[in-house]
Structures are given as structure tokens and as C-alpha cells.
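These notes are about the structure you will find just below.
Every heavy atom of this structure was used, including side-chain atoms; hydrogens, water molecules and symmetry mates were not.
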Amino acid sequence: MPQGQPTTVPDDGLTTRQRRTQPVLAVHTGPGKGKSTAAFGLALRAWNQGWPIGVFQFVKSAKWKVGEEHALRVLGASGEGGSVAWHKMGEGWSWVQRDIEDSEDAAREGWEQVKRDLAAETYRLYVLDEFTYPLHWGWIDTDEVLAVLKDRPGSQHVVITGRNAPAALVDAADLVTEMTKVKHPMDAGRKGQRGIEW
């Protein structure tokens, strides 16, 4: 294992081992591609450690077939690593809003399920995919989310993806990565491709 040396050691009375097992809140945001992809990479690591994983997709429709879902479901059912549960709350969205009211209700219902699962310590890793959108649009109260995540019991890790992460979420997170776009094939008029976008 790499032996990283922190620049400062907190005066929190915890041992290095205790600090190493603290739950992490990660945020992948920014206009660039790869936010969800990075979160699913984290889910692969969690699966390998035998952790139960809960994926909650807040925007993608249940009709959309994404490669990560199939791969993680197969791995979860293999009996070799952690279990994987996959939840889709959205009615579908692709840069153009559809039925706003139904989508808002689905997002709120999804957040209520996340709250129940956190309280029950159902999973060790939660992937809240594209969760920044309902926060950004005001469908779900950011302050409530932060309070629930701050008080979550046990050692439950949470990764939240999506553009426009609220500043308060960024401030509260332990790990924040901003994906910046330097270049994208769509800038040249190319459509999304199998194996690249889904």
C-alpha cells in the first residue's frame, strides 16, 4: 500500500486507523465527461472489498440500458464480491426536460428511499448518480441532504455526481473532483457512441 504523508494531522484525538475508516462524502461535478464513470469505478473497488452497494440514478429512465448497470449487476450476482442494488428514479432526460412534475416527484421519492437506507445502514457505498440536478433545480433541499449525510450512522460512503453541485455540498464533502472539458467529440458534431457514452 502506498504510504501517503498528510500535510497536516488533525488534532481530533483519533488514531490514524480511526481516521482511515471514517466515512467519505465524495462529489464528482463540473462540465466535463466522466463524473458517473468515476463513481462506477469506485463502485468496482467497493464490490471487490465485499461491500454492499446501492446505486440511485436520479435522472436516467428505467428504459435506458447503460453498460455500468449490466456489469455491476452481473458482478453483484456472482457471489464473489459485494451485492449491488440498482434504483432508477427518473423518467428520462437528455438535456431537455420532459415531464417536470413527474420527474420532481420521482426525485423526491428516490431521496426518501436513500434516507431510509442510510438510517438502516443498508449499503456501505451509495452512488447518487446525477443527484446534483434535483438539488440545483430546488426539488430537494440541500440543507436537508447535508444534515442527513452528516448524521448518517456507521461507515457509509456516499458519492454524488452531476454538474452544478451546490456550493454548500462542495464545502461539506471530503473529496471533490471537478471534471473540466478540454475537448469532446460532440463539439465536432459527433453523436454519443456505444461503449463510450453508454
Side-chain angles (χ1 to χ4, degrees), residues 2 4 7 23-48 53-73 75 84 86-100 102-104 106-108 110-111 114 125-143 145-146 149 157-198:
T7 55
V24 170
L25 171 58
V27 174
H28 299 172
T29 192
K33 179 175 166 45
K35 297 176 286 293
S36 297
T37 304
F40 294 133
L42 189 60
L44 288 174
R45 289 180 177 169
W47 172 83
N48 187 58
I53 301 159
V55 177
F56 297 82
Q57 290 191 295
F58 279 84
V59 176
K60 291 186 175 78
S61 166
K63 298 173 188 171
W64 293 6
K65 302 300 180 200
V66 295
E68 298 96 331
E69 178 182 358
H70 178 73
L72 281 167
R73 282 185 185 273
L75 289 172
V84 178
W86 205 282
H87 310 274
K88 292 185 183 181
M89 287 73 177
E91 293 300 315
W93 175 86
S94 60
W95 304 109
V96 176
Q97 278 305 103
R98 293 190 182 140
D99 190 334
I100 296 291
D102 286 349
S103 295
E104 185 172 351
R108 285 194 179 133
W111 169 239
V114 171
L125 175 69
Y126 294 73
V127 177
L128 307 188
D129 189 35
E130 297 176 330
F131 189 51
T132 61
Y133 297 105
L135 297 176
H136 178 70
W137 294 328
W139 295 353
I140 298 171
D141 182 65
T142 300
D143 290 337
V145 168
L146 295 178
L149 293 178
H157 305 284
V158 178
V159 57
I160 295 173
T161 73
R163 297 176 183 218
N164 303 311
L169 176 62
V170 170
D171 290 344
D174 303 295
L175 171 66
V176 179
T177 300
E178 183 170 356
M179 307 291 189
T180 58
K181 183 183 82 165
V182 175
K183 216 174 175 182
H184 195 292
M186 289 184 182
D187 297 338
R190 292 164 62 180
K191 298 283 189 181
Q193 296 184 49
R194 291 178 184 272
I196 304 296
E197 271 76 34
W198 73 91

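The two residues Gly192 and Met186 come nearest to each other via the heavy atoms N-CE, 3.7 Å. The nearest pair of heavy atoms linking Trp139 to Ala107 is CE3-CB, 3.8 Å. A pairwise comparison of heavy atoms in Ala43 and Leu72 identifies CB-CD1, 4.1 Å as the closest pair. Nearest heavy atom pair, residue Ala46 against residue Leu125, reads CB-CD2, 3.7 Å. Heavy-atom minimum distance, Leu135 versus Pro166: CB-CG, 3.9 Å.
Remark: Arg45 CZ is loosely packed, at most 12 non-hydrogen atoms of other residues, nucleotides or ligands lying under 6.0 Å away. Counting heavy-atom neighbours within 6.0 Å of His70 NE2, excluding the residue itself, gives a total of 12 or less.
Residues Tyr126 and Leu149 have side chains not in contact (no heavy-atom distance under 4.5 Å, counting atoms from C-beta outward).
Checking Val27, Leu128, Val127 one by one against Val159, the side-chain contact (heavy atoms from CB on, under 4.5 Å) holds for a single residue, Val127.
A distance of 10.5 Å separates CZ of Phe131 from CZ of Phe56, quoted to the nearest 0.5 Å. His184 NE2 to Arg190 CZ: the interatomic distance, rounded to the nearest 0.5 Å, is 9.5 Å. With rounding to the nearest 0.5 angstrom, the CG atom of Leu169 is 6.0 Å from the CG atom of Leu25. The distance from the CG atom of Asp129 to the NZ atom of Lys88 is 10.0 Å, given to the nearest 0.5 Å. To the nearest 0.5 angstrom, Lys181 atom NZ is 12.5 Å from Lys33 atom NZ. Note: Ile160 CD1 to Glu130 CD = 13.0 Å, rounded to the nearest 0.5 Å.
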Quiz prompt | Worked verdict on His136 versus Arg163 for side-chain contact (heavy atoms from CB on, under 4.5 Å) | solution = CA-CA 9 Å; His136 178 70; Arg163 297 176 183 218; over 6 Å; no
Practice problem: Mind running side-chain contact (heavy atoms from CB on, under 4.5 Å) on Leu44 and Asn48 for me, showing each step along the way? | Solution: CA-CA 6 Å; Leu44 288 174; Asn48 187 58; over 6 Å; no
Quiz item: Are Phe40 and Glu69 close enough, and set up right, to give a side-chain contact (heavy atoms from CB on, under 4.5 Å), and what steps lead you there?
Solution: CA-CA 9 Å; Phe40 294 133; Glu69 178 182 358; over 6 Å; no
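Side chain of Trp47 to main chain of Leu75: a donor-acceptor pair is present (N/O by atom type, distance under 3.5 Å, no hydrogens or angles). His28 places no side-chain N or O within 3.5 Å of a backbone atom of Thr161 that could act as its donor or acceptor partner. A donor-acceptor pair under 3.5 Å is absent between the side-chain atoms of Thr29 and the main chain of Glu178, judged by distance alone.
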